[in-house]
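The structure appears right after this line, and notes come after that.
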Amino acid sequence: MTQLATLPGIRTHRPVVQPVRRRRRLGPGKQIKLGAAIGPVLLLIAWSIGSATGWLDPRVLSAPWTVVTTTGDLIADGRLQSNLLTSAQRAFAGLGLGILLGTVLALLSGLSRLGEAVLDGPIQIKRAIPSLALLPLLILWLGIGESMKITTITLGVFVPIYIHTHNGLRAIDSRYVELAETVGLSRWEFIRRVVLPGALPGFLLGLRFAVTSAWLSLVVVEQINSTSGIGYMMELARTYGQTDIIIVGLVLYGALGLLSDGAVRLIQRRALSWRRTLAD
Amino acid sequence: MATHTGGLTLEKAVEVRGLTRKYDDRAVLDNLDLSIKPGEFVALLGKSGSGKSTLLRALAGLDYDVVGEGDLVVPANVSVVFQDSRLLPWARVLDNVVLGLRNADERGRESLAEVGLAGRENAWPTELSGGEQQRVALARSLVREPALLLADEPFGALDALTRLRMHVLLRKLCAAHQPAVLLVTHDVDESIVLADRVIVLDEGRIVAEEPIELAEPRSPADPGFAALRSRLLDALGVSL
């Protein structure tokens, strides 16, 4: 017997109010609009307050607005554009060569036991040596010109590309290999239809590391006897104590790094749209 | 060693003589003989470990590093349907269907329409249900017009209702394309509904063989169906 339902004041029917679209309980939560900008903007505000109140000595760190006007001056006399162009050319040349080298080596070593035996060991050894530690040797071999700079960037780039592509390639499910055999794919079709797309998530992860590494190497090589590039511009500014120009260079490096990482992530989203992941 | 020859006699789609396969000296297939006529639908029943998958893999040419002997003649054009749909997740449905074929998009579309998936050509495999994925796998097999279709528990991972629908679809497709079929299953009812002949494998030998001559549509309500089922269960060592 349920007396409860007849008692006054007691609700027997509790309406269930639920949003139509529920969030995944174990997901990271709702997308925040322009979420990536919040941190940098807070930093900029702190910097502005520090400069305005005089708490930051301009000889230590120029004010944001000084940096903006200096940027304007540098653009007006064309120095910024020409140095930026030189730096970008170096970075992209090294990046392109490194991507090519890393991918080819990963394929050779991932698709054949002989390739792996010959290549994997030396690359792992190379990986243990920081790229910048090779600089003295590279300067002796190649001098201080463009070829040394691009070679250094290439050597820094190909390692993450190789490691992640190779890893992605080896992680391809053997069931797909079996499928490829039953439908009679040739070796080339197998590489194109199964291996490359299967290794793509790994490759793109490697690309993100590679891009960061390209800019890092660029900074170092541009401060060694350069006569052009953002790094040269900053070195010159150091000798004259122009913190504003140094900041412009830093902002440029940062912007370039962010932009290129964003570009890789965009490629990632486009190329991997078939995947369903935690963040979806 | 297994020999795969393209030469196909008119009377036989599959001819197996004295096939033996061993893992660690334990014979998984023991001097097995089997022949399948063109267009014949054979279901292969057996407990786990009876050697039924080993036989299928031998016919598919997927048995590497296995010790064995015997003669094996299969057609040049063999298609395999696996228990999982085994679609490439990074290729759209149509590209999965025509994988490895040249200029076959039109045939691929027709094949998808045949399995009831017209209009889903550009979907990603992960957007499809399990039953739909397995239908894509069927389309991928049939677009190759195989002389022999090998199916390794293709409906094992599907729910009961979807499985019944797939049975109807598979019968329709086989009637249209007329491949010889070897279906590995552990579902006795499935084998009776689908096959022209049911073979029971135990410890690498054929222990029972039943031609199915039931009136269409085959129904479990048919007394002949029940008798057949109990004979097959008997051969499988399951007593009711």
Side-chain angles (χ1 to χ4, degrees), chain A residues 21 24 27 103 106-107 110-113 164-165 167-207 264-280, chain B residues 4 6 53 56-65 74-102 104 108 111 122-128 133 136-137 139-146 148-152 154 157:
Chain A
R21 185 168 146 69
R24 197 173 279 189
T103 310
L107 280 176
L111 292 175
S112 104
R113 292 282 173 202
H164 292 281
T165 309
N167 190 35
L169 213 145
R170 277 292 157 94
I172 293 173
D173 200 323
S174 67
R175 297 174 313 133
Y176 296 135
V177 184
E178 208 171 81
L179 171 74
E181 285 179 347
T182 61
V183 300
L185 293 192
S186 66
R187 180 156 278 265
W188 166 239
E189 282 173 322
F190 172 61
I191 291 174
R192 199 161 70 93
R193 299 280 179 197
V194 181
V195 173
L196 291 179
L200 193 60
F203 168 81
L204 288 171
L205 179 63
L207 187 58
V264 177
R265 276 158 63 177
L266 191 72
I267 296 170
Q268 230 171 1
R269 259 211 303 286
R270 287 279 167 81
L272 303 181
S273 54
W274 50 271
R275 285 210 305 191
R276 292 166 88 174
T277 56
L278 185 69
D280 289 340
Chain B
H4 287 266
S53 285
L56 183 129
R57 296 180 70 83
L59 292 177
L62 290 173
D63 52 344
Y64 313 102
D65 308 321
V74 295
N77 195 358
V78 179
S79 274
V80 186
V81 182
F82 301 93
Q83 179 168 7
D84 58 303
S85 61
R86 215 163 285 201
L87 303 176
L88 299 174
W90 48 78
R92 294 185 186 270
V93 164
L94 182 61
D95 293 329
N96 264 292
V97 170
V98 299
L99 181 67
L101 299 177
R102 252 172 259 279
S111 203
N122 286 322
W124 295 112
T126 47
E127 293 169 344
L128 303 181
Q133 291 181 8
V136 176
R140 179 180 61 202
S141 287
L142 291 170
V143 76
R144 286 148 226 275
E145 293 294 343
L148 173 64
L149 179 67
L150 299 168
D152 191 359

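Letters A, B, ... mirror the listed sequences (proteins, then strands); counts begin at 1.
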Residue pairs passing the salt bridge (Lys or Arg N to Asp or Glu O under 4.0 Å) test with at least one member in residues 184-196 of chain A, sequence neighbours excluded, are Glu189(A)-Arg102(B)
With sequence neighbours left out, the residues meeting side-chain hydrogen bond (donor to acceptor under 3.5 Å, both in side chains) with Asp173(A) are Arg175(A)
To the nearest 0.5 Å, atom CG of Leu62(B) lies from atom CD of Glu178(A) at 4.5 Å
Within residues 83-95 of chain B, the residues sitting under 4.5 Å from chain A by heavy atom, in sequence order, are Asp84(B), Arg86(B), Leu87(B), Leu88(B), Pro89(B), Trp90(B)
Residue set satisfying side chain to side chain contact (heavy atoms under 4.5 Å, CB included) with Leu107(A), at least two apart, ordered chain then number -> Leu111(A), Leu169(A), Val195(A), Leu196(A)
Show the numbers, then the answer: is there a side-chain contact (heavy atoms from CB on, under 4.5 Å) between Leu179(A) and Leu99(B)? CA-CA 10 Å; Leu179(A) 171 74; Leu99(B) 181 67; 4.0 Å; yes
